[in-house]
K.L.:
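Provided herewith is a single structure, encoded as structure tokens, for subsequent inquiry.
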Amino acid sequence: MIDPRRLRLEIRAIAERVRRRGVELDVGHFEKLDGRRKQLQADVERLRNERRSASKRIGAAKAAGEDISPLVAAVGDLGTRLGAVSTEFDEVRQALDDFAKGIPNPPDDSVPPGDGEDDNVELRRWREAPEFNFEPKDHVSLASASLDLEAAAKISGARFSVLKGPLARLHRALTQFMIDTHVREHGYEEVYVPFVVDRDILVGTGQLPKFEDDLFAIVGDRDQFLIPTAEVPVTNLIRDTILNPGELPLRFVAHTPCFRSEAGNYGKDTHGIFRQHQFEKVEMVQIVRPEDSWDALDELTGHAEAILRKLELPYRAVALCAGDLGFAAAKTIDLEVWLPAERRYREISSCSNFLDFQARRMLARYRSADSGRPDYVHTINGSGLAVGRTLIAVLENYQDGTGVVHLPDALRDYMGGISRLEF
RNA sequence: GGAGGGGUGGCUGAGCGGACGAAAGCACUGGUCUUGAAAACCAGCGAAGGGCGACCUUCCCAGGGUUCGAAUCCCUGCCCCUCCGCCA
């Protein structure tokens, strides 16, 4: 969330920056609401002050054994008046809060301009896309014996999958390999977290209130949702806390299923398991001091890249343009892996710096060493990596044209010594 | 599922209708002392919002209610602990 004070003082400048995303703020509406808020706040505070002093006088009179009934009568309808004014005050404040929570994070100045995917800027490539001396198959035709999309459709509908035998094992091996690497080599603490969360938690990381359609809601009295990413429960681990500066940075890695209803994506990537309602992801989350967040973003992106390099998968890093940025991110670097069957790079990781945007919503702070006062932490996260998409990349990049997939060395131990899969 | 006990500042914990934003301790910050450190002593020290400012308002799990007045009383919800039952 935007700093409410800044919103008040420099809403036009903020509107200008948010416009880079293609989002238009209703400045007039905001100024009208905030003007009303000021008036009401002054009224409420004045009435409360009156009530307070009157009650104190009554208390003092009573203690002195005096008759308090004239004083009580003098208070009159103060309570009723206060009630009416504070009701309206609450409504206006709520409206302002909704307005503020609906504003996306302004893009960092380093974010390239643009409206969508085509305007993203390539930063670097690792390993050029390989040439095959045969027509590379896509993951569906390659692994059809172990990939049962019909069974999944019968159970849960489109965009779910059933993996069997070697494919299920490879999927699990990739997950273990990623977590172990981040824990052993990159200094992350592994965490296991709930996959069902309350509404507030999703407001904290920015999925709500705006994007409810993208989520699976749980039926029940409690207003809960399935997580769309581990970012949600993991980042919220530090909500409502004030950390000591010595505790930072915090680095968490979690493996969770992710559930996305993918509203608005009908007809997109319908082939195979590239875009699913349920998929697995290994997610890295860092909680850092404000001055460290940009370095942390580079570092975390490097940790995701390390997985691709160990798996020897060709990829490129891309800076998302302003129009392609997620709601809460100030800047995002996507990693895109080469998929031979599609002959193009596809997203496999998304690493973002949220600055204090999520921290403000979650009330996640640390006690600054200089000022001694609580200040918002910065949050960073990124996939390391999306497991299903990594599975696709391994299958397609390591096929030899005879229906055999040769596994990268890094997975050998996780596959019980097996070095090739035959389908 | 049944029966009890609780949720108070960064932490522990007292207060249980009126001068309470809240005792005390710990932690933290500054000072005295010391070659330095520790100890001891002295002082300071919650958060959010508003105002140029003196200052004002709000916050004792959350939401309602009673009252001139609620951390304190009542109702509902959530969470934690203890015992019993059941269960992976």
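Letters A, B, ... mirror the listed sequences (proteins, then strands); counts begin at 1.
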K.L.:
Can you check the A:Ile201 CD1 to B:C78 P distance for me, whole Å?
P.N.:
16 Å
K.L.:
Looking at B:G63, which nucleotide sits across from it as a Watson-Crick or G-U wobble partner, both distances under 3.5 angstrom, or is there none?
P.N.:
B:C75
K.L.:
Does the base of B:G49 carry an N or O that pairs as donor and acceptor with the side chain of A:Glu45 under 3.5 Å?
P.N.:
yes
K.L.:
Would you kindly give the CG-to-P distance between A:Leu243 and B:C11, to the nearest whole Å?
P.N.:
11 Å
K.L.:
Considering only the C1' atoms, how many Å lie between B:C80 and B:A24, rounded to the nearest integer?
P.N.:
25 Å
K.L.:
Any carboxylate oxygen within less than 4.0 angstrom of a Lys/Arg side-chain nitrogen, looking at A:Lys137 and A:Glu396?
P.N.:
no
K.L.:
Sticking with atom P, work out how far B:C74 lies from B:C20, rounded to a whole angstrom.
P.N.:
24 Å
K.L.:
Work out how far the P atom of B:G44 is from that of B:C26, and round it to whole angstrom.
P.N.:
15 Å
K.L.:
Please report the distance, rounded to the nearest Å, between CG in A:Asp240 and P in B:C79.
P.N.:
16 Å
K.L.:
Return no unless some side-chain N or O of A:Arg46 is found under 4.0 Å from OP1 or OP2 of B:U57.
P.N.:
no
K.L.:
Mind checking if A:Arg57 touches a base, just sugar-phosphate, or nothing, with heavy atoms under 4.0 Å?
P.N.:
nothing
K.L.:
What distance, rounded to whole Å, do you find between the two C1' atoms, one in B:A37 and one in B:C33?
P.N.:
13 Å
K.L.:
In terms of side-chain heavy atoms, does A:Glu262 have a donor or acceptor partner in A:His277 at a distance below 3.5 Å?
P.N.:
no
K.L.:
Write down the partner of B:A37 under the Watson-Crick or G-U wobble criteria, each distance required to be under 3.5 Å.
P.N.:
none
K.L.:
When rounded to the nearest Å, what value does the distance between C1' atoms of B:G64 and B:C78 take?
P.N.:
15 Å
K.L.:
In whole angstroms, how far is the C1' atom of B:G49 from the CG atom of A:Leu363?
P.N.:
13 Å
K.L.:
Mind checking if A:Lys62 touches a base, just sugar-phosphate, or nothing, with heavy atoms under 4.0 Å?
P.N.:
base
K.L.:
Below 4.5 Å, heavy atoms only, C-beta onward: do A:Leu311 and A:Thr390 meet side chain to side chain?
P.N.:
yes
K.L.:
What is the base-pairing partner of B:A23, counting Watson-Crick and G-U wobble geometry with both distances under 3.5 Å?
P.N.:
none
K.L.:
Is there a side-chain contact between A:Arg365 and the phosphate of B:A48, meaning an N or O under 4.0 Å from OP1 or OP2?
P.N.:
yes
K.L.:
In terms of ring plane angle, is the pair A:His29 and A:Phe99 parallel, tilted or perpendicular, where the classes change at 30° and 60°?
P.N.:
tilted
K.L.:
Between B:G18, B:A47, B:G50, which nucleotide gets closest to the side-chain atoms of A:Gln41?
P.N.:
B:G50
K.L.:
Hunt down the Watson-Crick or G-U wobble partner of B:G44, both distances under 3.5 Å, from any strand shown, or write none.
P.N.:
B:C28
K.L.:
Under 4.0 Å between any heavy atoms, over every strand shown, what does A:Arg222 touch: base, sugar-phosphate, or nothing? Just pick one.
P.N.:
sugar-phosphate
K.L.:
Establish, with yes or no, whether the OP1 or OP2 oxygen of B:U57 is under 4.0 angstrom from a side-chain nitrogen or oxygen of A:Arg52.
P.N.:
yes
K.L.:
Once you round it to whole Å, what is the distance between C1' of B:G51 and CG of A:Leu9?
P.N.:
13 Å
K.L.:
Would you call A:Glu31 and A:Arg12 a salt bridge, taking side-chain N to carboxylate O under 4.0 Å as the test?
P.N.:
yes
K.L.:
Let me know the distance between CG of A:Leu47 and P of B:C68, rounded to the nearest Å.
P.N.:
17 Å
K.L.:
Does B:U57 have OP1 or OP2 under 4.0 Å away from a side-chain N or O of A:Arg51?
P.N.:
no
K.L.:
On the nucleotide B:U57, are OP1 or OP2 found under 4.0 Å from the side-chain N or O atoms that A:Asn49 carries?
P.N.:
yes
K.L.:
Would you mind telling me which residue lines up with the more 5' stretch of RNA chain B, A:Asp3 or A:Gly79, judged by nearest nucleotide?
P.N.:
A:Asp3
K.L.:
B:A70 P sits how many Å from A:Arg48 CZ, rounded?
P.N.:
11 Å
K.L.:
Roughly, in whole Å, what's the span from CZ in A:Arg8 to P in B:G51?
P.N.:
6 Å
K.L.:
If you assign A:Ile58 and A:Tyr376 each to the RNA chain B nucleotide with the nearest heavy atom, which residue ends up on the more 5' nucleotide?
P.N.:
A:Tyr376
K.L.:
Taking the six-membered ring for Trp and the single ring otherwise, decide whether the centroids of A:Phe357 and A:Phe327 are under 6.0 Å apart.
P.N.:
yes
K.L.:
If I pick the C1' atom on B:C75 and the same atom on B:A22, what distance separates them, to the nearest angstrom?
P.N.:
26 Å
K.L.:
Any idea which heavy atoms bring A:Ile14 and A:Leu25 closest together, and the distance?
P.N.:
CG2-CD1, 4.3 Å
K.L.:
Let's test this: given Watson-Crick or G-U wobble pairing with both distances under 3.5 Å, identify the partner of B:G85.
P.N.:
none
K.L.:
Take atom C1' in B:U8 and the same atom in B:C60, then report the distance between them in whole Å.
P.N.:
4 Å
K.L.:
Write down the distance separating the C1' atoms in B:G9 and B:G46, rounded off to the nearest Å.
P.N.:
5 Å
